[in-house]
Amino acid sequence: MKKKLWIPVLAALLLLGAVWALVMSQPRDVLEEDAVWEIYRVEAYENGVKKDITAEVKNLPLLSESLRLTQCSRLRTDFAPVAGNDVRYEISGTCDGQPLHILLSEKAELCVVYEDGGKGGWRIQRAETVLAMVELLCTM
């Protein structure tokens with residue numbers, strides 16, 4: 001009788017594992033719908049040199065709202081250290097009082113959202129689209 005009991009238990013565990021994997025593979029919004037998100041610095045990198053362009057961004061509220069559409073993975077990944085030559089933009093802000101940074105690069109694997117570099121970050125989905133949007137809003 002005990003031998004037949006492990007089959008349904010194993011089947012239930014496999015089903016639970018499959019559901020967990022399916023949920024974790026789906027992207028999530030970087031910012032919750034009702035989260036208070038405020039950008040305090042936008043930095044552009046040229047040839048590895050960082051330049052604060054916050055004052056040059058003509059429509060910071062539009063950039064802020066546009067970034068609400070960004071989605072990322074649900075699982076953290078290591079990304080640091082990143083060479084300055086690989087970075088295009090770093091957007092720093094607060095989300096519900098907690099620091100939040102968006103790092104954008106032409107290399108999709110380096111496009112991440114993170115709170116603290118030591119904890120890792122979440123890879124941005126459709127990173128090339130997000131980079132193009134930021135590029136447009138920061139240069140117009």
inquiry  = Please say yes or no: joined through hydrophobic side-chain contacts below 4.5 Å, possibly via intermediate residues, are Y40 and W37 part of one cluster?
reply    = no
request  = State, with a plain yes or no, whether a side-chain heavy atom of L137 is found less than 4.5 Å away from one of N59.
outcome  = no
query = Do T94 and I39 have side-chain heavy atoms sitting under 4.5 Å apart?
reply = no
request  = Test L67 against every option in V134, L62, L100 by the side chain to side chain contact (heavy atoms under 4.5 Å, CB included) rule and name the one that passes.
outcome  = V134
ask   = If you measure from SG on C111 to CD on E106, what distance do you get to the nearest 0.5 Å?
value = 9.0 Å
inquiry  = To the closest 0.5 Å, what do you measure between CG (L60) and CZ (R41)?
reply    = 12.5 Å
task = For residues 91-102, pull every pair meeting salt bridge (Lys or Arg N to Asp or Glu O under 4.0 Å), keeping only residues two or more places apart or in separate chains.
result = none
request  = Check whether NZ of the Lys or CZ of the Arg R74 lies under 6.0 Å from the centre of the six-membered ring of W122 and within 45 degrees of that ring's axis.
outcome  = no
ask   = Are H101 and Y114 close enough that some pair of their side-chain heavy atoms sits under 4.5 Å apart?
value = yes
request  = Look up atom OG in S64 and atom CD1 in I91, then write down how far apart they are to the nearest 0.5 Å.
outcome  = 9.5 Å
query = Less than 4.5 Å apart, any side-chain heavy atom of S73 and any of Q125?
reply = yes
ask   = Going by an N to O cut-off under 4.0 Å, is there a salt bridge joining K51 and E43?
value = no
ask   = So how far is it from L31 CG to Q71 CD, rounded to the nearest 0.5 Å?
value = 11.0 Å
message = Regarding E115 and R76, does a basic nitrogen lie under 4.0 Å from an acidic carboxylate oxygen?
response = yes
task = Measure the OH-CZ distance between Y45 and R88 for me, rounded to the nearest 0.5 Å.
result = 13.0 Å
task = List the steps and the verdict of side-chain contact (heavy atoms from CB on, under 4.5 Å) for I102 and T70.
result = CA-CA 10 Å; I102 299 173; T70 305; 5.6 Å; no
Heavy-atom side-chain proximity of L103 to L110 below 4.5 angstrom = no
query = Any idea which heavy atoms bring S66 and M133 closest together, and the distance?
reply = CB-SD, 3.3 Å
inquiry  = Is there a side-chain contact (heavy atoms from CB on, under 4.5 Å) between E135 and Y89? Walk through the geometry before answering.
reply    = CA-CA 8 Å; E135 182 97 6; Y89 293 97; 3.2 Å; yes
Gap separating the CZ atom of R126 from the CG atom of L69, nearest 0.5 angstrom = 9.5 Å
